[in-house]
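Read the structure below first, then the notes.
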Amino acid sequence: MWQSMMKSIGLLPTEDYIQPRLSIGNAVSDQEFSTGHFKVQVDAQELALTVKNVNGRTIWKSLHNIPFLSSTLGKDIITSEDNGVFRVTETDEKPTHLQTITKIERQDENTIKIYGGLGVKLVLPTHMDYIFTFKEVSNRQLQFSVEILHRDPAMEDYKRILLTYESRPEEHFYGFGEQFSYTTLKGQKVPILVREQGTGRGSPAIPSLKDSALGVLGGAAPADTFATYASIPQYISSDIRCLFMENSEYMSFDLTEPDRVTIRLEADVVQGRILDGRTMLDLLTEYTSYAGRMLPLPDWVSEGVIAGIQGGSEKVKQIVGKLHQYDIPVSAVFLQDWTGQRLQEGGRGGTEYIRHWWNWENDDELYPDWDTLIQTLANDEAGEVRVLSYVNPLLVKCHPKLNVKRNLFPEAQEKGYLVRGTKSVSSESRAYLVNCGLDLEAGILDLTNPEARTWFKQVLKEQVWSSGVSGMMVDFGEHLPLDSSKIVLHSGVPAFTYHNLYPQEWAELNHEVAAELGKEKDSVCFYRSGFTQSPGLMNLFWAGDQNVSWDTQHGIKSAVVGMLTGGFSGFSVTHCDAGGYNSVTSSIPGFKMIRTKELLFRWMELAALTPAFRTSEGITPSLNAQFYDSEDSYEHFAHTAKIFTILANYRKGVLKEAHEKGWPVLRHPVLYYPNDKIARELTYQQFMIGSSIMVAPVLTASASYVKVYFPKDGQDVTWRHIWTGKYYPGDGSYKPVDTPIGQPPIFVKEPREDPELLYALLDYATSYYQKKARPASK
């Protein structure tokens with residue numbers, strides 16, 4: 001307000017009154033320069049820079065007489081909870097308003113360079129020189145880079161670059177990694193920062209207070225709307241455009257103005273790519289040729305459920321026996337507590353949360369027969385049951401745990417394998433310690449140290465894989481601080497540059513271990529954190545920790561949003577914890593958040609339609625509804641498991657597309673209907689499995705029906721409801737569909753390719769519906 005008043009009466013410095021403008025020198029050629037498949041032109045009449053594809057379609061353009069490059073002063077404020085929760089407040093002061101273009105030239109047949117300057121005033125001592133380079137790296141990928149070549153003394157503190165270009169008000173943006181609050185990001189400013197997603201994103205007061213109670217877990221502190229484990233500097237738009245950045249430093253994409261996009265990046269050199277394609281799926285294929293395509297899932301994942309169980313060998317064997325009794329196909333059990341349970345107080349009037357000892361050896365109290373248990377389950381008469389364990393890149397001090405066979409924390413600290421804190425004053429505190437909740441601190445493995453990587457790979461081989469497990473949850477990757485004043489990395493790379501890369505390097509380490517053991521084709525490792533090139537290092541992703549609630553921001557609905565948005569950024573094979581994970585226990589009225597049976601049943605229905613059906617007991621198993629609680633819970637589990645396994649043959653073809661083309665298994669309808677206004681704006685309400693199945697999951701308590709949108713399709717398409725057999729035309733209309741428990745709205749496209757792949761699903765659904773409609777008389 002004060003600034004505006006000062007400006008209105010002419011009391012601000014002269015540069016504050018300069019309007020942004022782009023000046024093109026008289027000697028600058030306005031001809032189109034071709035790289036082979038792209039054309040670049042500095043248009044003196046339009047006062048703009050334009051990039052077209054080989055067919056003449058504009059795929060990138062700057063705004064008329066507006067600088068496409070600029071810079072600002074100001075130091076961003078990064079607030080850290082030291083537990084993977086970060087918040088960034090951007091600070092921009094004294095922006096450069098002026099940009100000049102002094103020359104454009106072809107360096108070689110694939111490369112074009114543009115030279116010019118940026119400034120805050122018209123006089124020379126306030127300029128910085130740049131070079132903007134376009135280089136064709138393939139017939140559908142045009143790489144661009146910006147480098148600051150020289151700064152006048154007055155410009156020495158201008159260390160960031162802003163790239164601004166044209167958009168349309170009607171253009172919708174998808175991607176940016178795994179986003180949990182929005183599918184289309186038009187109108188938002190998206191920070192690119194890998195971090196713990198926290199809780200309370202955009203929630204009203206009471207849910208936020210509930211969520212803040214999870215702060216005892218360390219990583220569950222309140223976070224902003226865009227907090228995500230997998231933040232990717234990439235998007236695909238409904239205008240069939242795709243752009244991504246190759247930098248790893250913190251950046252943001254400002255989509256708040258209807259006519260433009262501004263990318264703000266903390267670096268002297270920025271690099272990215274503009275992609276060309278005929279469809280959004282084409283762009284996904286092109287993007288994943290760079291980011292990497294997810295590796296094939298072993299067939300056994302589709303042959304049964306992965307049951308999440310905690311509590312020790314006897315409990316595991318008992319529940320597996322019951323699963324067999326109810327004819328529930330079991331591919332594997334996921335035993336997250338194999339290293340032992342570490343209980344944390346849940347706050348006033350609460351119970352204890354179950355955490356684990358991150359020392360990466362089996363716990364002799366819970367699993368005294370660990371190796372034998374794995375072999376017994378593998379040789380089960382009812383069919384092989386595999387075991388999945390758990391690992392992350394943190395190491396804890398083992399006191400007061402008993403019967404520790406090998407204490408990894410002091411061993412790693414002594415050898416310099418942990419990230420060092422800058423305030424270390426003694427040998428006992430050399431490692432930077434992450435606070436993961438009450439009385440739980442851990443050191444972070446320094447992945448920039450080759451010796452640390454070799455050492456930890458051997459730990460994984462000898463203490464995790466050697467028992468015969470078939471994979472694991474590969475957790476975390478988002479805890480590394482951004483502030484170089486807090487930590488020192490072995491390689492000397494600034495924390496600010498390496499932070500976003502850490503989860504990618506963590507995935508690479510685990511991928512190397514599986515490959516070196518020859519287990520990469522028959523094992524599954526599922527991750528929750530990632531960066532740009534993570535997808536090519538993993539065969540399964542998961543949506544992280546949701547609340548055991550119906551909540552839009554952090555409950556079951558957010559899991560759907562996260563799975564769909566991640567698919568735009570290469571995370572094509574993903575799933576979620578069936579039932580959610582985070583709970584709140586409290587004696588304060590209205591502050592308890594535990595899983596109900598209805599929520600569990602609906603989440604099972606959702607999980608049955610993802611690439612991997614894995615249940616989770618949650619962080620307070622004793623208070624949450626579980627699949628093993630009652631006969632009807634087992635029966636519902638059997639029913640949803642049947643849906644999952646019947647879809648295996650169809651899903652196999654969709655998984656092949658994920659591996660070969662980078663297309664997600666779970667697809668947002670906009671991928672097929674980019675011109676449909678309603679389809680563009682769908683969030684959690686609907687998704688597709690491949691091209692032939694439409695799903696409208698039930699995500700609201702006590703829902704008896706949902707409204708399903710059937711996009712207008714020019715191919716005379718109809719959608720068959722699998723339970724009733726009713727057909728709905730693809731005419732761009734909403735229709736109400738009944739949703740009793742056990743009958744999630746699933747629709748099969750008619751006509752479709754390979755129709756026989758879904759006959760079994762239709763037959764089972766018809767039979768199930770008839771039994772429910774006409775139950776057998778007693």
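- Note: Tyr390 and Phe476 have perpendicular aromatic rings, judged against thresholds of 30 and 60 degrees for the angle between ring planes.
- For the pair Lys315 (side chain) and Gln310 (backbone), a donor-acceptor distance under 3.5 Å is present.
- A heavy-atom distance below 4.5 Å is found between the side chains of Gln463 and Leu408.
- Using a 4.0 Å cut-off between charged side-chain N and carboxylate O, Glu249 and Arg160 make no salt bridge.
- Remark: the backbone N or O of Asn247 is not paired with any side-chain donor or acceptor of Gln271 at under 3.5 angstrom.
- Between Phe253 and Phe176, the ring planes lie perpendicular to each other; the angle is over 60°, past the 30° to 60° tilted range.
- Thr339 places no side-chain N or O within donor-acceptor distance of the main-chain N or O of Trp358, the cut-off being under 3.5 Å.
- Using a 4.0 Å cut-off between a side-chain N of Lys or Arg and a carboxylate O of Asp or Glu, Glu361 and Arg406 do not qualify as a salt bridge.
- Formation of a donor-acceptor pair under 3.5 Å by the Thr497 side chain with backbone atoms of Val493 is not found in this model.
- Under the rule for a ring pair (Phe, Tyr, Trp, His ring centres under 6.0 Å), Tyr250 has no partner lying at least two apart in sequence or in another chain.
- Of the possible donor and acceptor atoms, none in the side chain of Ser569 sits under 3.5 Å from a partner among the backbone N and O of Gly566.
- Residues Val573 and Asn539 fail the side-chain proximity criterion, which asks for heavy atoms closer than 4.5 Å.
- Rounding to the nearest 0.5 Å places CD of Glu505 at 9.0 Å from CG of Leu537.
- The pair Arg528-Glu196 meets the salt-bridge criterion, with a side-chain N (NZ, NE, NH1 or NH2) lying under 4.0 Å from an Asp/Glu carboxylate O.
- A salt bridge is absent between Lys415 and Glu451: the closest approach of a Lys/Arg side-chain nitrogen to an acidic carboxylate oxygen does not fall below 4.0 angstrom.
- Using a cut-off of 4.0 Å between Lys/Arg side-chain N and Asp/Glu carboxylate O, Asp363 and Arg342 are scored as not salt-bridged.
- In this structure a side-chain-to-backbone donor-acceptor pair under 3.5 Å is missing from Gln553 to Thr225.
- Tyr502 is listed as a side-chain neighbour of Leu445, based on a closest heavy-atom distance under 4.5 Å.
- For the pair Glu246 and Phe244, the minimum side-chain heavy-atom distance is below 4.5 Å.
- In this structure, Thr89 and Asp76 have side chains that are not in contact, with every pair of non-hydrogen atoms separated by 4.5 Å or more.
- Under the 4.5 Å side-chain criterion, counting only non-hydrogen atoms from C-beta, Gln179 is in contact with Phe226.
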Go through the steps for Arg293 and Thr288 under the test side chain to side chain donor-acceptor pair (under 3.5 Å), then give the verdict. CA-CA 6 Å; Arg293 294 179 187 139; Thr288 54; 2.9 Å; yes
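- Between the side chain of Tyr353 and the backbone N or O of Ser583 there is at least one donor-acceptor pair closer than 3.5 Å.
- Ring-plane geometry between Trp506 and Phe456 is classed as tilted, the angle between the planes lying from 30 to 60 degrees on a 0 to 90 degree scale.
- Salt bridge annotation for Arg195-Glu478: absent, with no cationic side-chain nitrogen under 4.0 angstrom from a carboxylate oxygen.
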What do the steps show when you test Gln197 against Glu178 for side chain to side chain donor-acceptor pair (under 3.5 Å), and what is the final call? CA-CA 10 Å; Gln197 69 170 354; Glu178 193 179 48; over 6 Å; no
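- Checked for salt-bridge contact, Arg420 and Asp446 miss the test: no charged N lies under 4.0 Å from a carboxylate O.
- Each of Val524, Leu388, Val464 was checked for a side chain to side chain contact (heavy atoms under 4.5 Å, CB included) with Met472, and the lone residue meeting it is Val464.
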